[in-house]
Amino acid sequence: MTRPQKITIIGPAHPLRGGLAAFNERLALELQRQGHEVTIHTFSFQYPGFMFPGKTQYAGGPASEGLRIKRSIHSMNPLNWLRTGKAIAKERPDVVIVAFWLPMMAPSLGTVAKMIRKNGHSRIIGLVHNLIPHEKRPGDVPFTKYFIRQCHAFIALSREVEKDLRTLTTAPVAFAPHPVYDSFGDAVPRQTALQHLQLDENNRYLLFFGFIRAYKGLDLLLEAFADPRLQAIDNLRLLVAGEFYEDRKKYEPLLGPRVQVVEDFIPNNEVKYYFSAADLVVQPYRTATQSGISQMAYHFEKPMLVTAVGGLPEIVPNGKAGYVTDTTPRAIADGILRFLEQPSGVFSNFIREQKQLYSWKHFTDVLSSLAQ
């Protein structure tokens, strides 16, 4: 997109909270920095309450300054999809970027995109975070195919998603890794972070960050942390920071006195303290495509331990940015022990250099290639 263009982003944004909203808002800011006119169309209604396992879908506080956000899409109202699509079509954006992460949202997003395409002008790009959901439901395949038919091109955030897309469409597909999340402020000194979180400065901390669902594998990490070899390290602690999206009771037998749980959605202005306090960020996922948590760790220049699923090993090269392990508690414990045996800062130079590859400018350059 070499000349200023009119761009519409469709997907979660303020007042909705979470990683998808943060992604869309940060993308909009980058596009605006480059001189484009950007509008985000988000949901006036996203999930029915009974389908949302968290405490609230909404963020506190104001939106990022300078963003134009319209709450226009009702995910469960077909008449709204038609009206919203027609309204955006009349605005004649040059490029429409539609975030896709869940087949359940395909009817609404696909119909809005279909109506926009009728103006014969707008280029529809599917921004695909996940194509095959972690938790499968009836209708996933036909819903996903319906959405795919409405797009002119796609950008995938992992090689796995790129591969899946190529099995379902002949439209152009490009890969661009998830950019670094740099919208949570700069790192603070470790001592400052520990004091802010009221954590003992003499301990070392493993961090599990983000909402808690079965596929995220917190139970695997808790079982690994109970390994006698780790329990023998007196100053080792596990910090779990995130909201439970399933029943906490299944985890309670695995929680011990050396596990500290902050059972809540962590506001943006608090994120820097958790990552600045951590020695190692652990992502023991059972399934994954890519993860925004990895990109947050890169921003704060923290080593990671990830499991060998989906696109995680692409982002965290084994032995360079941290460790990649199998999805068993024993393997995860082995990886943590390997990390603890390394000199402090051994991964720092690689992480600092690698994060330069995950710039928002690179991501928008790939978008630009699809927008022609």
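Since we're looking at a predicted model, the values are computed, not measured.
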Whether over 12 other heavy atoms sit under 6.0 Å from Q198 CD: no
Parallel, tilted or perpendicular: rings of F23 and Y181 (30°, 60°): perpendicular
V98/I124 under side-chain contact (heavy atoms from CB on, under 4.5 Å): CA gap, chis, key distance, verdict: CA-CA 7 Å; V98 188; I124 313 292; 4.0 Å; yes
P284 versus I332, closest heavy-atom pair with distance: CB-CD1, 3.8 Å
L340 reachable from V346 in the ILVMFWY side-chain graph, under 4.5 Å edges: yes
Sequence neighbours excluded, every pair satisfying salt bridge (Lys or Arg N to Asp or Glu O under 4.0 Å) that has a member inside residues 162-177: R159-E162, E162-R166
Heavy-atom pair with the smallest gap, counting every atom of S75 and S108: O-CB, 3.8 Å
Any M296 side-chain heavy atom under 4.5 Å of F184 side chain: yes
Salt bridge present between K302 and D279 (N-O < 4.0 angstrom): no
Electrostatic pair K86-E91, nearest N-O below 4.0 angstrom: no
Spatial distance of atom CZ (R149) from atom OG1 (T144) [nearest 0.5 Å]: 11.0 Å
A224 versus L230, closest heavy-atom pair with distance: O-CD1, 3.3 Å
Any side-chain donor near an acceptor of the partner, Q195 and E201, under 3.5 Å: yes
Gap separating the CG atom of N77 from the OG1 atom of T111, nearest 0.5 angstrom: 11.0 Å
Salt-bridge present (D219, R286; N to O < 4.0 Å): yes
Verify same cluster id: M105, L82 (apolar side-chain graph, 4.5 Å): no
Side-chain heavy atoms of L206 within contact of L305, under 4.5 Å: no
Within one Ile-Leu-Val-Met-Phe-Trp-Tyr cluster: F209 and V240, side-chain cutoff 4.5 Å: yes
OH on Y205 to CG on L194, rounded to 0.5 Å: 6.0 Å
Shortest non-hydrogen separation from T169 to A171 and the atoms involved: OG1-N, 3.0 Å
From CA spacing to verdict: side-chain contact (heavy atoms from CB on, under 4.5 Å), L221, Q283: CA-CA 8 Å; L221 176 55; Q283 297 172 258; over 6 Å; no
Ion pair check, E30 and R33, cut-off under 4.0 Å: yes
Six-ring centre of Y245, R213 cation under 6.0 angstrom, axis tolerance 45°: no
Exercise: identify the closest heavy-atom pair between N24 and I40: O-CD1, 3.9 Å
Donor-acceptor contact below 3.5 Å, side chain N130 vs main chain I132: no
Aromatic ring proximity, centroids under 6.0 angstrom, F339 and Y323: no
Interatomic spacing from SG in C151 to CD1 in I97 - rounded to 0.5 Å: 11.5 Å
F208 side chain reached by V282 side chain, heavy atoms, under 4.5 Å: no
Whether T307 side chain and V309 backbone form a donor-acceptor pair below 3.5 Å: no
Heavy-atom side-chain proximity of S294 to L312 below 4.5 angstrom: yes
Test item: Q5 side-chain N/O and D94 main-chain N/O as donor-acceptor pair under 3.5 Å: no
Donor-acceptor contact below 3.5 Å, side chain R123 vs main chain L370: yes
Side-chain touch R258/L238, heavy atoms, less than 4.5 angstrom: no
Connected via hydrophobic side-chain network under 4.5 Å: F175 and V366: no
Connected via hydrophobic side-chain network under 4.5 Å: I9 and M115: no
Exceeds 12 heavy-atom contacts within 6.0 angstrom, atom NZ of K70: yes
Test item: D326 side-chain N/O and T328 main-chain N/O as donor-acceptor pair under 3.5 Å: no
Side-chain H-bond candidate by donor/acceptor type, H196 with E270, under 3.5 Å: yes
Pairwise distance CG(L102) to CZ(F143) - rounded to 0.5 angstrom: 10.5 Å
Working for salt bridge (Lys or Arg N to Asp or Glu O under 4.0 Å), residues D200 and R237: CA-CA 10 Å; D200 190 331; R237 300 291 186 270; over 6 Å; no
Residues V128, L157; criterion side-chain contact (heavy atoms from CB on, under 4.5 Å); working and verdict: CA-CA 7 Å; V128 185; L157 296 178; over 6 Å; no
Under 3.5 Å: donor-acceptor pair, side chain of W360, backbone of L31: no
F43 and W101 aromatic ring geometry - parallel, tilted or perpendicular at 30°/60° bounds: perpendicular
Heavy-atom side-chain contact between Q34 and K361 under 4.5 Å: yes
Atom NZ of K114: over 12 foreign heavy atoms under 6.0 Å: no
Counterpart residues, salt bridge (Lys or Arg N to Asp or Glu O under 4.0 Å), relative to R229 (two or more places apart): D227, D334
Row check, F211 ring normal vs K216 NZ/CZ: under 6.0 Å, within 45°: yes
Residue pair T8 / V38, side-chain heavy-atom distance below 4.5 Å: no
Residues T167, L165; criterion side-chain contact (heavy atoms from CB on, under 4.5 Å); working and verdict: CA-CA 5 Å; T167 66; L165 277 165; over 6 Å; no
I336 CD1 to E341 CD distance, which is reported to the nearest 0.5 Å: 12.0 Å
Criterion side chain to side chain donor-acceptor pair (under 3.5 Å) on R71 and T42, from CA distance to verdict: CA-CA 5 Å; R71 298 182 64 190; T42 189; over 6 Å; no
Distance-only side-chain donor-acceptor flag, E25 / S183, under 3.5 Å: no
Y146 vs L109 side-chain heavy atoms within contact, under 4.5 Å: no
Side-chain donor or acceptor of T287 paired with backbone N/O of Y215 under 3.5 Å: no
Check: L367 main-chain N/O paired with T364 side-chain donor or acceptor under 3.5 Å: no
Side chain H41, main chain I10, donor-acceptor under 3.5 Å: no
Expected output: side-chain N119 to main-chain A89 donor-acceptor under 3.5 Å: yes
Contact summary for S276 and F300, nearest pair of heavy atoms: OG-CD2, 4.4 Å
Test of ring centre spacing under 6.0 Å for F100 and F154: no
